[in-house]
Amino acid sequence: MLAILGERLERWKSSPRKWDGGYIWHGFRGIVLTLLQDRRFARDRGKLLTPVIEAEYVQMLFDPDFKSSVAQAKGRTCLDVARLANLWNLVRLCGPGIFLEVGTFQGGTALHICNAMGRSAAPFYCFDPFEKGGFENMTELDQAFKPDDYTSTRYQSVVDLLAAKPNARAIQGFFPAAAEGLNLRDIAFCHLDVDAYNATRQCLEYLAPRLAPRGLIVVDDFGHRETPGVNKAVNEFLAAHPSFLIFPMFPVQALLVPKPLW
Ligand SMILES: C[S@@+](CC[C@H](N)C(=O)[O-])C[C@H]1O[C@@H](n2cnc3c(N)ncnc32)[C@H](O)[C@@H]1O
């Protein structure tokens with residue numbers, strides 16, 4: 001909580017609108033809502049099934065490569081270890097083609113996907129507006145976010161983070177517009193982590209006809225209480241594209257599989 005308050009104070013101090021009444025009111029409202037949400041989360045935590053998994057039996061949690069990758073992503077990703085484990089397995093399951101991430105923020109999952117790709121020479125592209133972020137075309141389903149959330153990152157820091165991965169390229173901008181000119185085809189894998197309704201819907205439409213044989217899409221935040229827009233976008237996409245199968249994955253991801261390509 002203190003970290004969140006500190007971050008908001010810093011953002012307020014550096015804003016040119018810091019003495020604007022509307023801006024102050026918006027910030028104050030955000031703090032009150034965060035406090036209320038924290039109380040709700042604390043109350044709900046007591047009702048959970050625990051322990052969530054019996055970690056000591058999970059072979060993967062002892063895999064040195066996986067552990068090292070999780071350690072590298074730590075502090076730069078919004079994903080928990082369970083979701084990182086799903087990514088690790090699925091990156092290694094798909095067929096040949098190009099690898100993508102849409103929604104990269106500070107680069108944690110981008111680096112983790114590159115680590116999971118191992119020695120593969122396949123190209124990897126990740127897309128995000130970075131410091132120019134965070135969302136466009138938001139709807140009432142995206143109330144957990146403000147248009148300028150996720151700006152506490154820098155394009156150059158993600159470029160530096162991926163510097164040791166010769167096939168990786170970070171691209172600044174909103175997908176799919178930012179992919180114009182790249183002529184993306186034969187997509188083997190995409191991690192789609194854009195949180196909001198319109199962005200998820202639009203990205204899925206772009207990706208579907210460009211998948212390679214044995215291609216996969218992993219959607220983050222499916223089943224997340226704070227992002228109902230992601231579920232709506234995925235469900236609408238499935239209704240419009242019955243050739244796709246969905247596998248919800250614990251805790252809050254979905255795997256989309258194009259049946260004819262498998
Ligand atoms: C939850 S963060 C991504 C976290 C990251 N995958 C990780 O955990 O390492 C969501 C990001 O998606 C970005 N985003 C939103 N809409 C986008 C779009 N249309 N194209 C690319 N990025 C987008 C936001 O700016 C934000 O940085």
Side-chain angles (χ1 to χ4, degrees), residues 7 11 69-88 90-91 99-116 124-139 141-162 165 168-182 184 187 189-207 210 217-230 233-234 237 249 251-254:
E7 198 234 314
R11 209 192 296 169
S69 186
V70 171
Q72 290 167 47
K74 200 174 168 197
R76 286 179 163 270
T77 180
C78 308
L79 270 66
D80 44 56
V81 174
R83 284 184 279 170
L84 292 174
N86 290 335
L87 285 181
W88 190 260
L90 293 168
V91 162
F99 288 67
L100 302 182
E101 178 174 74
V102 182
T104 294
F105 187 38
Q106 297 177 339
T109 43
L111 179 62
H112 183 66
I113 292 167
C114 291
N115 289 335
F124 171 80
Y125 297 97
C126 62
F127 296 86
D128 197 286
F130 299 109
E131 64 272 31
K132 297 182 187 164
F135 299 98
E136 56 176 11
N137 306 326
M138 296 177 83
T139 67
L141 294 165
D142 310 317
Q143 288 186 5
F145 310 103
K146 294 192 300 308
D148 64 347
D149 276 347
Y150 292 110
T151 47
S152 56
T153 178
R154 282 189 319 117
Y155 167 68
Q156 191 55 49
S157 74
V158 174
V159 170
D160 295 345
L161 184 72
L162 299 177
K165 309 289 180 187
R169 219 179 123 193
I171 294 170
Q172 187 162 26
F174 287 102
F175 192 88
E180 243 176 58
L182 287 176
L184 297 178
I187 298 166
F189 181 87
C190 180
H191 180 223
L192 179 57
D193 185 10
V194 290
D195 299 349
Y197 168 70
N198 272 324
T200 305
R201 187 79 179 88
Q202 219 186 339
C203 292
L204 287 174
E205 284 302 330
Y206 178 92
L207 295 166
R210 293 173 171 82
I217 303 172
V218 176
V219 184
D220 195 56
D221 295 315
F222 184 81
H224 194 298
R225 297 207 298 181
E226 301 294 305
T227 58
V230 172
V234 168
F237 171 78
M249 292 187 297
V252 283
Q253 285 164 313

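Indexing begins at 1, ligand by ligand and atom by atom, following the structure's order.
With a 4.0 Å cut-off on non-hydrogen atoms, T104 touches ligand 1 through its backbone and not its side chain.
Closest to atom 4 (C) of ligand 1 among all protein heavy atoms lies D193 OD2, 3.3 Å. Closest protein heavy atom to atom 22 (N) of ligand 1: P129 CD, 3.4 Å. Given atom 25 (O) of ligand 1, the protein heavy atom at minimum distance is G134 O, 2.7 Å. Here the protein heavy atom with the shortest distance to atom 23 (C) of ligand 1 is V194 CG1, 3.6 Å.
Annotation: cation-pi geometry satisfied between R210 and Y206 (NZ/CZ under 6.0 angstrom from ring centroid, within 45° of ring axis).
Taking each heavy atom of S152 and Q106 in turn, the nearest pair found is O-NE2, 2.7 Å.
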* To do: Verify side chain to side chain contact (heavy atoms under 4.5 Å, CB included) between E205 and F237, making sure each step is shown before the conclusion.
  => CA-CA 7 Å; E205 284 302 330; F237 171 78; 3.9 Å; yes
* **side chain to side chain contact (heavy atoms under 4.5 Å, CB included) between V158 and D128, intermediate numbers included** => CA-CA 10 Å; V158 174; D128 197 286; over 6 Å; no
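Of all atoms in ligand 1, numbered sequentially from 1 with element shown, those under 4.0 Å from a heavy atom of G108 are 9 (O). The distance from ligand 1 to the heavy atoms of L79 drops below 4.0 Å at these ligand atoms: 8 (O). Heavy-atom contacts of Y150 reach the following atoms of ligand 1: 1 (C), 2 (S), 26 (C), 27 (O) (cutoff under 4.0 Å). For ligand 1, the atoms lying closer than 4.0 Å to a non-hydrogen atom of V102 are 20 (N), 21 (C). Counting atoms of ligand 1 from 1 in the listed order, those under 4.0 Å from a heavy atom of D195 are 1 (C), 10 (C). Listed by number with element, the atoms of ligand 1 under 4.0 angstrom from any heavy atom of E101 are 6 (N). Distances below 4.0 Å separate heavy atoms of F135 from the following atoms of ligand 1: 15 (C).
To the nearest 0.5 Å, atom NE2 of residue H224 and atom CG of residue D195 are 8.0 Å apart. Within the model, atoms CE of M249 and CG of D220 stand 9.0 Å from one another, a figure rounded to the nearest 0.5 Å. The structure places CG of N137 at 11.5 Å from OH of Y197, a figure rounded to the nearest 0.5 Å. In this structure, OG1 in T77 is found 10.0 Å from CG in L111, a value given to the nearest 0.5 Å. Note: D221 CG to C78 SG = 8.0 Å, rounded to the nearest 0.5 Å.
Checked against a 6.0 Å centroid threshold, the rings of F189 and F124 do not count as neighbours.
The residue among T77, N198, V158 with a heavy atom at the shortest distance from atom 8 (O) of ligand 1 is T77. Nearest-residue assignment for atom 19 (N) of ligand 1 (options F105, F175, Y206; heavy-atom criterion): F175. Of the candidates T151, T109, I113, T109 brings a heavy atom nearest to atom 5 (C) of ligand 1. Taking all heavy atoms of G133, G103, A110 into account, the minimum distance to atom 12 (O) of ligand 1 is reached by G103.
Residue contacts with ligand 1 leave out H112, since none of its heavy atoms falls under 4.0 Å from the ligand. Residue contacts with ligand 1: R76 is included, with a non-hydrogen atom under 4.0 Å away.
Residue-to-ligand polar distances place D128 within reach of ligand 1: an N/O pair is separated by less than 3.5 Å. Taking any N or O of C78, backbone or side chain, at least one lies under 3.5 Å from an N or O belonging to ligand 1.
Taking the six-membered ring where tryptophan is involved, the planes of F145 and F135 are tilted, since the angle between them lies from 30° to 60°.
Between the side chain of D193 and the main chain of E101, no donor-acceptor pair closer than 3.5 Å is present.
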